[in-house]
Amino acid sequence: MSVKTMETQEVIELLEKVAGFDRPAGNDRVKTIIHRVMHDVFQIIEDLDITPEEFWSAVYYINELGKNGEAALLAPGLGMDKYLDIRMDAEDEQAGLAGGTPRTIEGPLYVAGAPMSEGFARLDDGTDTGAEVMLLKGVVTDENNRPLANAIVDVWHADSKGAYSYFDPSQSEYNLRRRIKTDAEGRYLAQSIIPSGYGCPPEGSTQALLTQLGRHGQRPAHIHFFISAPGHKHLTTQINLAGDKYTYDDFAFATRDELVVEARPVTHSAQGERHGVTGPVTEVEFNIQLVSTDRQDRQAMHQRQRVMA
């Protein structure tokens, strides 16, 4: 049976000193957070009778996680990104800003500064000649279905092997990444290739923990979006392509029913042909609805560390 020490004066005073409560310097918010985090860690050790061997295994796991650069990969795998979305959805509901296209997780692979195009963009660099040609299209509207001209659709996705440019040095700069400004009817159009899903590095820290949990580390084929327009809530979302083995079994918990989109092969596309996309093509249509707001803090993406290439 586990010993009980959490309520002793010695542990109470230790936690206060760990958090710097006995010193005037420092940041009060950080002190409060660290006090709570360390209290909960101590409580876990007590409640689950964590052994020194288990504790130090966890410490060295964190070392390996940092060495592998996988903390931002493990976070969605443990549902943290999804939980933040749940909280933000609840905050929107409370603030009267619910509705529109649902948000879902950003992931760790965004790169800022992609080239800007007007109405139409080609995302791929043409080197993946065996990939399935995709025509990605849609309309951006407000919550009353009025088209939003000059909205910015910032889109990025993996190649046919599940790799992302910048993080995969074999790809050209900004391959499969573009920003598209919608036309007068709120439309955007992009030529690209059908992406592949991907898995966590099989020998990496994230997969090591997922294996202990009896879980896989696979993501379905998906396409990421940031969508913004003045006077409207910024939207972070992604679509999953229907029919992928992992569409409804995403290790990052990003799938939402409203964001599962069919990839539809067609022999030709009138829209595509106007931009030189001839012959058979696979169309993916994703229409986006933004919610109006005059709150400046909701019109921009939340601040976090991102690649600024």
Side-chain angles (χ1 to χ4, degrees), residues 65 68-93 97-112 114 136 138 140 152-159 162-167 176-177 179 195-201 204-207 209-210 213 215-228 232-242 244-261 284 286-291 297-308:
L65 184 70
N68 293 341
E70 289 191 24
L73 183 62
L74 181 62
L78 293 181
M80 296 179 188
D81 291 28
K82 175 63 175 179
Y83 179 65
L84 291 175
D85 279 355
I86 291 170
R87 280 186 55 82
M88 288 188 287
D89 284 348
E91 289 171 359
D92 284 349
E93 186 76 35
L97 294 173
T101 299
R103 66 161 48 87
T104 193
I105 71 171
E106 174 182 335
L109 300 172
Y110 177 71
V111 177
L136 177 65
V140 180
I152 304 300
V153 179
D154 195 342
V155 57
W156 69 102
H157 65 77
D159 66 8
Y164 286 78
S165 62
Y166 181 89
F167 303 95
L176 306 173
R177 302 177 186 274
R179 290 177 292 162
S196 173
Y198 65 86
C200 298
S205 304
T206 301
Q207 188 57 59
L209 179 55
L210 292 175
L213 302 176
R215 294 176 51 200
H216 67 74
Q218 300 294 318
R219 296 219 61 205
H222 59 281
I223 302 170
H224 292 270
F225 295 84
F226 285 153
I227 306 98
S228 59
H232 294 80
K233 185 177 69 175
H234 180 276
L235 177 63
T236 300
T237 195
Q238 62 183 271
I239 56 174
N240 286 357
L241 300 185
D244 189 289
K245 177 180 178 180
Y246 296 104
T247 295
Y248 292 99
D249 190 19
D250 180 1
F251 101 98
F253 307 104
T255 303
R256 301 184 74 153
D257 287 342
E258 307 96 318
L259 301 174
V260 176
V261 176
V284 175
F286 180 46
N287 297 317
I288 301 155
Q289 189 177 67
L290 300 183
V291 174
D297 63 316
R298 299 299 180 95
Q299 293 183 30
M301 69 178 76
H302 69 268
Q303 295 301 307
R304 60 178 275 187
Q305 184 173 321
R306 297 181 173 92
V307 173
M308 308 295 289

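Every heavy atom of this structure was used, including side-chain atoms; hydrogens, water molecules and symmetry mates were not.
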Problem set entry | Arg87 and Asp92 ion-paired at < 4.0 Å | no

Student check: side-chain heavy atoms of [X] and [Y] closer than 4.5 Å:
X	Y	result
Arg177	Ser165	yes
Leu73	Phe251	yes
Leu259	Phe286	yes
Arg103	Arg256	yes
Ile227	Asp154	no
Leu209	Leu74	yes
Pro201	Gln207	no

Look at the side chain of [X] and the backbone N and O of [Y], then say whether any donor-acceptor pair between them is shorter than 3.5 Å.
X	Y	result
Asp85	Ile105	yes
Glu70	Thr206	yes
Asn287	Gly138	no

[X] and [Y]: side-chain donor and acceptor closer than 3.5 Å?
X	Y	value
His216	Asp249	yes
Gln238	Arg219	yes
Glu106	Thr236	no
Asn240	Thr247	no

Within a reach of under 6.0 Å around [atom1] of [X], are more than 12 heavy atoms found that belong to other residues, nucleotides or ligands?
X	atom1	result
Phe167	CZ	yes
Glu93	CD	no
Glu258	CD	yes

For this session: Evaluate the criterion side chain to side chain contact (heavy atoms under 4.5 Å, CB included) for residue pair Tyr83 and Phe253; output intermediate values, then yes/no.
Result: CA-CA 10 Å; Tyr83 179 65; Phe253 307 104; over 6 Å; no

Contact summary for [X] and [Y], nearest pair of heavy atoms:
X	Y	value
Pro76	Ala72	CD-O, 3.0 Å
Val291	Ala98	CG2-O, 4.0 Å
Ser228	Leu290	C-CD1, 4.3 Å
Ala221	Asp244	N-OD2, 3.1 Å
Arg304	Pro108	NH2-CA, 3.9 Å
Arg215	Gly77	NH1-O, 2.7 Å

State the [atom1]-[atom2] distance between [X] and [Y], to the nearest 0.5 angstrom.
X	Y	atom1	atom2	answer
Leu241	Ile223	CG	CD1	5.0 Å
Thr104	His224	OG1	NE2	9.5 Å
Ile239	Thr101	CD1	OG1	11.0 Å
Gln299	Lys233	CD	NZ	12.0 Å

Problem set entry | side chain to side chain contact (heavy atoms under 4.5 Å, CB included) between Lys245 and Gln218, intermediate numbers included | CA-CA 10 Å; Lys245 177 180 178 180; Gln218 300 294 318; over 6 Å; no

Exercise. Only one of Phe226, Phe225, Tyr164 forms a ring pair (Phe, Tyr, Trp, His ring centres under 6.0 Å) with Tyr110, so which one is it?
Worked result: Phe226

Exercise. Side chain to side chain contact (heavy atoms under 4.5 Å, CB included) between Leu78 and Leu213: does it pass, once the steps are laid out?
Worked result: CA-CA 10 Å; Leu78 293 181; Leu213 302 176; 4.3 Å; yes

